[in-house]
Amino acid sequence: MSVIVDHISKIYGEQKAVDDISFQVNKGEIVGFLGPNGAGKSTTMKILTCFLPQTFGQASVCGHDVVNETMEVRRKVGYLPEQNPLYLDMYVKEYLLFMASLRKLGPGSQKRVESMIERTGLTQERKKKIGQLSKGYRQRVGLAQAMLHEPEVLILDEPTSGLDPNQLVEIRSLIRQIGKDKTVILSSHIMQEVEALCSRAIIINKGKIVADDSMAKLQGSVSVSAKLTVEFRDPVHSDLLRKIEGVSQVENLGEKKFAIHGSSIDKTKEQVFAIAVEAKTIILSMQEDEQKLESVFRELTKSAPAKSQKANSK
């Protein structure tokens, strides 16, 4: 196991920021670590990266204890915190060379820095001061420093924050490549991000783990109403759409445009095409919206008191 968390708790006075949580992450896994604000995500990440000691329990990274072997853990971990700490007056390449010196990468530092600049798409920005960069490019610099020393474990807290859609695709691709031979724990508030990148998700609420399972099993754990937004060339009567099997609601967005809520996107699409043929019209646009993970997240993190930790599914 790359990461083992065994009954960890973190207590501040009378408040339990993390409450007796356990999980394990294998090499090659990209795991989403989700929870509402204040749930304990960042606290857990800080414990795993040796920034905070736990109050109770044990945790290890690549076989090294996070309290007794902090230097060994830090050599194995690349960490991008939510608030990306950068020296804004330093140039991009200068900063990465400085970080390489702190990591004691030795004679290969220059080559390693050049490689990370290219991989994170910073080639055009390498001679700029970090303070001149957009938030998205600053995030890339943070990712570059986190991966500079080829860590076995990457812990990323909101890694795509501030990226535009094109940058988002590039960074997602980079994280996927990294995840093939490394362990990645990724925190994000963007459910689509986790669905696109992760094979498994851990959901924490009020300091307790309320779910830990594969994406497929989590997405099938609650009843989700999918939405299909359709625009026809000609007017179509909404009653035809309401007769579709599994449809629970049809919103009229005009005579030609509708939002159809149902239990299955695929079945709804089939029937919509059939209705278009019957009505002798064509479909101008069709947009799917089936946010299963978001529905699971809302269901498990409602304001009611969090339930005790569920057993991990492996």
Tell me whether [Y] is reachable from [X] by hopping between hydrophobic residues (I, L, V, M, F, W, Y) whose side-chain heavy atoms are closer than 4.5 Å.
X: I21; Y: Y12; result: yes
X: Y91; Y: Y95; result: no
X: L52; Y: M71; result: no
X: V169; Y: L174; result: no
X: I204; Y: I11; result: no

Atom [atom1] of [X] and atom [atom2] of [Y]: how far apart are they, to the nearest 0.5 Å?
X: L96; Y: R126; atom1: CG; atom2: CZ; result: 10.5 Å
X: I4; Y: L48; atom1: CD1; atom2: CG; result: 11.0 Å
X: L148; Y: L143; atom1: CG; atom2: CG; result: 12.0 Å
X: R119; Y: I171; atom1: CZ; atom2: CD1; result: 10.5 Å
X: S109; Y: F98; atom1: OG; atom2: CZ; result: 12.5 Å
X: K267; Y: E245; atom1: NZ; atom2: CD; result: 5.5 Å

key: Presence of salt bridge, K129 and E94, under 4.0 angstrom   =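 The answer is no: the pair does not qualify as a salt bridge.
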Is [X] reaching over with its side chain to a backbone N or O of [Y], donor-acceptor style, under 3.5 angstrom?
X: E278; Y: A274; answer: no
X: K10; Y: P53; answer: yes
X: R233; Y: L284; answer: no
X: S9; Y: D20; answer: yes
X: Q145; Y: G142; answer: yes

Check whether any side-chain heavy atom of [X] sits under 4.5 Å from a side-chain heavy atom of [Y], and report yes or no.
X: F258; Y: N252; value: yes
X: V184; Y: L156; value: yes
X: I244; Y: I275; value: yes
X: K206; Y: D19; value: no
X: R176; Y: K180; value: no
X: T120; Y: M147; value: yes
X: R75; Y: H149; value: no

key: Contact list for residues 46-73, test ring-ring contact (aromatic ring centres under 6.0 Å, His included), sequence neighbours left out   =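 Sorted pair list: F51-Y79.
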Of all pairs that satisfy ring-ring contact (aromatic ring centres under 6.0 Å, His included), the ones with a partner from residues 227-252, not counting sequence neighbours =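 Residue pairs passing ring-ring contact (aromatic ring centres under 6.0 Å, His included), neighbours aside: none found.
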Heavy-atom closest pair, residues [X] and [Y]:
X: V250; Y: I260; answer: CG2-CG2, 4.4 Å
X: R242; Y: S238; answer: NH1-OG, 2.6 Å
X: G32; Y: V194; answer: CA-CG1, 4.1 Å
X: I8; Y: V18; answer: O-CG1, 3.6 Å
X: V113; Y: A100; answer: CG2-CB, 4.2 Å
X: V77; Y: P151; answer: C-CB, 3.6 Å

key: salt bridge (Lys or Arg N to Asp or Glu O under 4.0 Å) involving E29 - partner list, sequence neighbours excluded   =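 With sequence neighbours excluded, E29 shows a salt bridge (Lys or Arg N to Asp or Glu O under 4.0 Å) to R200, given in chain and number order.
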key: Residue from E125, Q124, K128 passing side chain to side chain contact (heavy atoms under 4.5 Å, CB included) with Y137   =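 Running side chain to side chain contact (heavy atoms under 4.5 Å, CB included) over E125, Q124, K128 with Y137 returns exactly one hit, E125.
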message = N84 and side chain to side chain contact (heavy atoms under 4.5 Å, CB included): which single residue from E158, Q139, K135, R140 fits?
response =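 Only one of E158, Q139, K135, R140 forms a side chain to side chain contact (heavy atoms under 4.5 Å, CB included) with N84, namely Q139.
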inquiry  = Is it true that, when you exclude E82 itself, more than 12 heavy atoms of the residues, nucleotides or ligands shown sit nearer than 6.0 Å to its CD?
reply    = yes
query = Are more than 12 heavy atoms from other residues, nucleotides or ligands located less than 6.0 Å from atom CD of Q249?
reply = yes
ask   = Tell me, which pairs form a side-chain hydrogen bond (donor to acceptor under 3.5 Å, both in side chains) where one or both residues lie in residues 47-56, sequence neighbours left out?
value =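 Sorted result for residues 47-56: empty, none.
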request  = Quick one: do I209 and I202 satisfy side-chain contact (heavy atoms from CB on, under 4.5 Å)? Show the steps, please.
outcome  = CA-CA 7 Å; I209 290 177; I202 299 170; 3.9 Å; yes
request  = Let me see the working for L253 and E231 under side-chain contact (heavy atoms from CB on, under 4.5 Å), right down to the final yes or no.
outcome  = CA-CA 9 Å; L253 306 177; E231 184 177 6; over 6 Å; no
message = Could you check whether K269 makes a cation-pi contact with F273, meaning its NZ or CZ is under 6.0 Å from the centre of the six-membered ring and within 45° of the ring axis?
response = no
inquiry  = Could you walk me through whether V31 and F23 satisfy the side-chain contact (heavy atoms from CB on, under 4.5 Å) test, starting with their C-alpha distance in whole Å, then the side-chain angles of each, then the deciding distance to 0.1 Å, before giving a yes or no?
reply    = CA-CA 11 Å; V31 176; F23 62 86; over 6 Å; no
Inter- and intrachain pairs under salt bridge (charged side-chain N to carboxylate O under 4.0 Å, His left out), touching residues 147-157, at least two apart = K76-E152, R112-E150, E150-K182
query = Do D234 and T281 have side-chain atoms, one donor and one acceptor, less than 3.5 Å apart?
reply =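 Short answer, yes.
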Any residue meeting side-chain hydrogen bond (donor to acceptor under 3.5 Å, both in side chains) with E72, in chain and number order, not counting sequence neighbours = none
message = Would V141 and L122 count as a side-chain contact (heavy atoms from CB on, under 4.5 Å) here? Give the steps.
response = CA-CA 8 Å; V141 176; L122 287 166; 3.9 Å; yes
